[in-house]
Engineer: 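The structure that follows is given in the form of structure tokens.
Computed over heavy atoms, backbone and side chain alike; hydrogens, waters and symmetry mates excluded.
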Amino acid sequence: ISGPGSYQYGNIINFNLYQAGVVETVMGLNAIMPAALFVASSMERRTNAPAATWYDPWQMPYLTNQIIAAIHQDSAALPGRHVYSNNLTEAWVRPLGGQRTGTNAVLLINYSGSNSIVRVPHHWLGVPDTTPMSYMNAYAGTNLVTGSTNYQDVYFMNNTALLLLVYPT
């Protein structure tokens, strides 16, 4: 059980083995759980990297993403919960800053092998579906929707969407 003083062990994120879509999924799950975040990579110079670095350039946005780090390091240390699955897609929700603060991280995972549409009902967050909600893409740091009462996100094959959802309290 994750919480203050204890955490789930996710896994070591080995950038040498995973492609970008898998890294997004593993980083998202580690942020939602919250789990200890361990990153591994070969210390030899990477193919497309500057001299004396142990990472490829595509990896840096994951290693330095302040929004994902803030979700992962949230001081309330509340665990995420699994709220939806249809065997092709699933959704996880984690309250940030405490219960009912108005800020939640939502992780959507697509296992289907093709594009998938998931509607995120607000009752997953414990509020009426008519509650106005703002959405941010945590990976990109971009605002998606402001004041919506329901949202759908199309995400791609074997990929994830990590969203910040904020509503007035």
Side-chain angles (χ1 to χ4, degrees), residues 1-3 6-15 17-39 58-59 61-127 129 131 133-146 148 150-167:
I1 296 176
S2 292
S6 64
Y7 59 87
Q8 221 26 52
Y9 175 71
N11 201 348
I12 294 174
I13 302 171
N14 187 333
F15 280 108
L17 301 177
Y18 298 145
Q19 295 177 345
V22 176
V23 170
E24 285 184 1
T25 302
V26 174
M27 293 286 286
L29 283 168
N30 276 278
I32 289 289
M33 293 223 188
L37 187 56
F38 299 103
V39 176
W58 71 267
Q59 299 167 345
Y62 299 103
L63 296 171
T64 60
N65 186 305
Q66 294 179 359
I67 298 169
I68 295 172
I71 293 169
H72 180 267
Q73 298 294 315
D74 182 60
S75 61
L78 296 172
R81 60 188 168 85
H82 189 252
V83 294
Y84 172 80
S85 177
N86 66 4
N87 295 323
L88 297 176
T89 58
E90 64 182 64
W92 294 75
V93 173
R94 179 180 180 197
L96 301 174
Q99 294 288 353
R100 305 232 187 256
T101 62
T103 304
N104 291 267
V106 176
L107 178 69
L108 305 174
I109 305 172
N110 177 11
Y111 300 112
S112 71
S114 61
N115 292 352
S116 180
I117 298 173
V118 174
R119 187 166 295 275
V120 179
H122 297 170
H123 66 261
W124 286 355
L125 310 177
V127 297
D129 285 334
T131 303
M133 191 84 53
S134 296
Y135 299 80
M136 173 187 270
N137 177 335
Y139 292 127
T142 56
N143 291 320
L144 301 174
V145 176
T146 302
S148 172
N150 216 350
Y151 181 73
Q152 65 185 24
D153 184 24
V154 178
Y155 53 101
F156 302 103
M157 183 179 348
N158 299 321
N159 208 346
T160 63
L162 182 59
L163 308 171
L164 277 179
L165 277 64
V166 179
Y167 59 89

Engineer: For the backbone of L96 and the side chain of T101, can you confirm whether one donor and one acceptor N or O come within less than 3.5 Å of each other?
Structural biologist: yes
Engineer: Where is the tightest heavy-atom contact between H122 and Y135, given as atom of each residue plus distance?
Structural biologist: NE2-OH, 2.6 Å
Engineer: What are the two closest heavy atoms between G97 and A76, and how far apart are they?
Structural biologist: C-CB, 3.7 Å
Engineer: Measure the CD1-CD distance between I109 and E90 for me, rounded to the nearest 0.5 Å.
Structural biologist: 4.5 Å
Engineer: Side chains of L165 and V93: does their closest heavy-atom pair fall under 4.5 Å?
Structural biologist: no
Engineer: When you compare the side chain of N104 with that of R94, does any pair of heavy atoms fall below 4.5 Å?
Structural biologist: no
Engineer: CG of N159 to OG1 of T25: how many Å apart, nearest 0.5 Å?
Structural biologist: 6.5 Å
Engineer: Sequence neighbours left out, what passes side chain to side chain donor-acceptor pair (under 3.5 Å) with H123? Give chain and number order.
Structural biologist: D129
Engineer: Side chains of W92 and R81, heavy atoms from C-beta outward: is any pair under 4.5 Å?
Structural biologist: no
Engineer: Return the OG to CG distance between S134 and L163, rounded to the nearest 0.5 Å.
Structural biologist: 12.0 Å
Engineer: Report yes if some heavy atom in the side chain of M27 is under 4.5 Å from a heavy atom in the side chain of T160; otherwise report no.
Structural biologist: no
Engineer: Looking at OG1 of T146 and CE of M136, how far apart are the two atoms once the value is rounded to the nearest 0.5 Å?
Structural biologist: 9.5 Å
Engineer: For the pair R100 (side chain) and P95 (backbone), establish whether a donor and an acceptor sit closer than 3.5 Å, ignoring hydrogens and angles.
Structural biologist: no
Engineer: Say you draw a straight line from CD1 of I71 to CG of N30; how long is it, rounded to the nearest 0.5 Å?
Structural biologist: 12.5 Å
Engineer: Any non-hydrogen side-chain atom of V106 less than 4.5 Å from a side-chain atom of L162?
Structural biologist: no
Engineer: What distance do N65 atom CG and Y139 atom OH have between them, rounded to the nearest 0.5 Å?
Structural biologist: 9.0 Å
Engineer: Using the test side chain to side chain donor-acceptor pair (under 3.5 Å), find all partners of N86 that sit at least two apart in sequence or belong to another chain.
Structural biologist: Y84, T89
